[in-house]
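Order of appearance sets the numbers: ligands from 1, and atoms from 1 within every ligand.
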Amino acid sequence: MTEKKEVVKLLGFWASPFTTRVEMALKIKGVPYEYLEEDLPNKTPLLLELNPIHKKVPVLVHNDKIILESRVILEYIDQTWKRNPILPQDPYKKATARFLAKFVDEQFLTVGFISLVKAENGREVAMEETRELIMFLEKEVTGKDFFGGEMVGFLDIVAGSMTFCLVPGWEGMGIDMIPEEKFPELNRWIKNLKTVEAVRGCIRPTDKQIEHMNKFAEKIKSA
Ligand SMILES: N[C@@H](CCC(=O)N[C@@H](CS)C(=O)NCC(=O)O)C(=O)O
């Protein structure tokens, strides 16, 4: 009997951290996939059909199944393709990774970018608030190669994809948000991440990401 070929498709947008993290996970697992780029101002009928609730990317299609929401997709990938585990087995470590990943998603883009862009009377307060958030991650990664320990794990993928989107955004604003002197452990972590091929392959060219984040900032200001 011939084995039925698996269908794995990812609908995404190149500059989206939520998309790049799914790509990272698929690459870490060695799962071949077809990538379908979305033009977000002109969403395809396929995206609207597959994600009618949020109409957002990423969307993962696995055979006849549709999986939505990037962190949910990461968990699905981890449970479906067991090699190179992403989430820790230990219940407490798993709970911590999921909690901090949720914290990153809920706070970093809003406090660390949208509030910063909107700050009218100087950016100092928003920068201070952002660095307070970043300090939680600095403490968490202290003494470890990755949040996941010796290997890239769930929180590395979530926080890493966010970092590779926000750092160019800050660069575009002339801000060094994660200076080496203040955040030595996170700077070491970023360097470690870049040594991992599956991660490196998902980092977009800095100039393109800066250009995109500048446009995003303009959109926020004019909203
Ligand atoms: N919570 C979602 C966020 C996804 C998201 O915000 N995607 C953006 C691109 S970065 C999007 O598709 N935006 C289209 C829109 O808002 O119309 C996830 O984790 O997947």
Side-chain angles (χ1 to χ4, degrees), residues 8-29 31 33-62 65-80 86-87 94 97-118 133 137 147 152-172 199 202-206 208-223:
V8 182
K9 290 184 187 179
L10 173 64
L11 278 72
F13 171 60
W14 69 271
S16 157
F18 307 104
T19 297
T20 49
R21 66 179 56 160
V22 174
E23 289 195 273
M24 284 177 195
L26 290 170
K27 286 184 199 298
I28 285 170
K29 296 282 184 178
V31 178
Y33 62 98
E34 183 186 348
Y35 179 75
L36 304 170
E37 174 76 1
E38 278 289 327
D39 173 16
L40 291 181
N42 304 293
K43 293 170 186 168
T44 60
L46 182 64
L47 174 60
L48 302 177
E49 181 197 326
L50 299 184
N51 191 356
I53 297 182
H54 295 306
K55 306 176 179 67
K56 289 185 177 190
V57 293
V59 173
L60 185 75
V61 180
H62 180 214
K65 301 182 198 85
I66 315 302
I67 307 99
L68 305 170
E69 282 293 316
S70 62
R71 297 198 316 275
V72 175
I73 296 174
L74 293 184
E75 296 208 22
Y76 178 87
I77 290 173
D78 201 31
Q79 286 165 22
T80 303
I86 287 172
L87 271 158
K94 189 189 291 190
R98 294 174 84 199
F99 169 77
L100 287 172
K102 187 167 184 279
F103 158 71
V104 166
D105 276 4
E106 285 175 350
Q107 308 258 325
F108 277 61
L109 208 51
T110 38
V111 177
F113 198 73
I114 298 174
S115 300
L116 199 66
V117 169
K118 283 186 176 165
L133 302 181
L137 296 185
F147 290 102
V152 168
F154 188 74
L155 184 55
D156 296 286
I157 294 172
V158 170
S161 55
M162 197 56 90
T163 302
F164 295 127
C165 163
L166 286 177
V167 168
W170 294 324
E171 213 177 309
V199 173
C202 298
I203 303 175
R204 311 312 189 203
T206 306
K208 275 191 77 185
Q209 192 78 39
I210 291 179
E211 198 184 316
H212 170 76
M213 293 305 279
N214 284 345
K215 281 190 196 147
F216 182 37
E218 286 310 313
K219 221 170 122 185
I220 295 166
K221 278 189 217 157
S222 63

- request: Could you walk me through whether Glu106 and Thr110 pass side-chain contact (heavy atoms from CB on, under 4.5 Å), step by step?
  value: CA-CA 7 Å; Glu106 285 175 350; Thr110 38; over 6 Å; no
Just the distances, no angles: every ligand 1 N or O to protein N or O pair closer than 3.5 Å, one line each.
unit_1, atom_1, unit_2, atom_2, d
ligand 1, 1 (N), Glu69, OE1, 2.8
ligand 1, 1 (N), Glu69, OE2, 3.4
ligand 1, 7 (N), Val57, O, 2.9
ligand 1, 12 (O), Val57, N, 2.9
ligand 1, 17 (O), Lys43, NZ, 2.4
ligand 1, 19 (O), Ser70, N, 3.3
ligand 1, 19 (O), Ser70, OG, 2.6
ligand 1, 20 (O), Ser70, N, 2.9

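With contacts defined as side-chain heavy-atom distances shorter than 4.5 Å, the pair Ile220/Phe113 qualifies.
Between the side chain of Asp105 and the backbone N or O of Lys102, no donor-acceptor pair lies under 3.5 Å. Side-chain atoms of Gln209 come within 3.5 Å of backbone atoms of Ala15 as a donor-acceptor pair (strictly under, hydrogens ignored).
Applying the salt bridge (Lys or Arg N to Asp or Glu O under 4.0 Å) test to pairs two or more places apart or on separate chains, those with a residue in residues 211-223 are Glu211-Lys215, Glu218-Lys221.
Partner Leu36 forms a side chain to side chain contact (heavy atoms under 4.5 Å, CB included) with one of Leu47, Thr44, Val59, Leu46 and no other, that one being Leu46.
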